[in-house]
Amino acid sequence: MLNKKMTDALNGQINKEIFSAYLYLSMSAYSSFIGLKGFANWFMVQYHEEMEHAMKIYNYIDEQGEQVKLMAIEQPPTEFVSALDMFEKTLEHEKFITKSIHDLVDLAIEEKDHATNIFLQWFVTEQIEEEGNDNDIIAKLKLVGEGGNGLFMIDRELESRVYTPPAKDSED
Ligand code: OFO
């Protein structure tokens, strides 16, 4: 059972996750346009993962017998200064998402909603991984500096990231 406050907050999180997807799809498009196909691939995988996060919450609200309500998605930025700029913006955004997930956990505890608290723990762990990945890539980009062979090598490395859709059971 979800109360109205919790349902509204979870619906808000769906919007944030879809915005994340939109932001990374925009970064993927930009990367491809400037010839960084590996970065384009990495952000495209990230786009799929964010849609997966949104659908996890969508399915949870639906399963609990409440209504999913979709809201307008803000326009993401379309121009970026560099690969490092994209990843610094990604990390900044993920910190905002982490804070939002933690606020949801606080609300679940306040509302004594144990089921939602347990459901949200997956997202708490996921955010540690998301920020960790971004920090790693930022460190590498800072090490190689702008352009040149180093950037090309990181681009090659990011090309190998593969999106693995969730198994049917873990989707619900
Ligand atoms: Fe959904 O983790 Fe990023 O935003």
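One-based numbering, in listed order, for ligands and for the atoms of each.
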request  = Check all N, O or S atoms of Glu130 and name the one closest to atom 3 (Fe) of ligand 1.
outcome  =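 The closest N, O or S atom of Glu130 to atom 3 (Fe) of ligand 1 is OE1.
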
inquiry  = Consider side chain to side chain contact (heavy atoms under 4.5 Å, CB included). Of Glu49, Met51, His93, which one does Ser20 pass it with?
reply    =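 Among the candidates, only His93 passes.
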
message = So that I can check it, does any N, O or S atom in Glu126 come closer than 2.8 Å to atom 1 (Fe) of ligand 1?
response =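 No, outside the cut-off.
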
key: Heteroatom test (N, O or S) for Glu50 near atom 1 (Fe) of ligand 1, limit 2.8 Å   =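 It does; at least one qualifying atom falls short of 2.8 Å.
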
inquiry  = Between ligand 1 and Lys16, can you find any atom pair, the residue atom being a heavy atom, that is separated by under 4.0 Å?
reply    =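 False for this residue.
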
query = Atom CG of Leu158 and atom OG of Ser31: how far apart are they, to the nearest 0.5 Å?
reply =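 Separation between the atoms: 9.0 Å.
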
inquiry  = Tell me whether Lys5 is salt-bridged to Glu111, with the criterion being a basic N under 4.0 Å from an acidic carboxylate O.
reply    =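 A salt bridge is present here (some side-chain N lies under 4.0 Å from a carboxylate O).
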
message = One thing to verify: whether Lys140 and Glu157 come together as a salt bridge, which I'm taking to mean a side-chain N less than 4.0 angstrom from a carboxylate O.
response =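 So Glu157 pairs with Lys140 through a salt bridge.
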
task = Take Met6 and Leu104 through the side-chain contact (heavy atoms from CB on, under 4.5 Å) test and state the conclusion after the steps.
result = CA-CA 8 Å; Met6 199 73 244; Leu104 285 174; 4.1 Å; yes

For [X], counting its heavy atoms only, list the atoms of ligand 1 lying under 4.0 Å from any of them.
X: His53; result: 1 (Fe), 2 (O)
X: Ser20; result: 4 (O)
X: Glu17; result: 1 (Fe), 2 (O), 4 (O)

request  = Decide side-chain contact (heavy atoms from CB on, under 4.5 Å) for Tyr22 and Glu74; before the verdict, give the C-alpha distance in whole Å, the side-chain angles of both, and the deciding distance to 0.1 Å.
outcome  = CA-CA 9 Å; Tyr22 218 33; Glu74 200 188 309; over 6 Å; no

Output yes when the distance from some N or O of ligand 1 to some N or O of [X] is under 3.5 Å, and no in every other case.
X: Glu94; answer: yes
X: His93; answer: no
X: Gln46; answer: no

inquiry  = Could you walk me through whether Glu52 and Tyr163 satisfy the side-chain hydrogen bond (donor to acceptor under 3.5 Å, both in side chains) test, starting with their C-alpha distance in whole Å, then the side-chain angles of each, then the deciding distance to 0.1 Å, before giving a yes or no?
reply    = CA-CA 11 Å; Glu52 203 183 284; Tyr163 173 65; 2.7 Å; yes

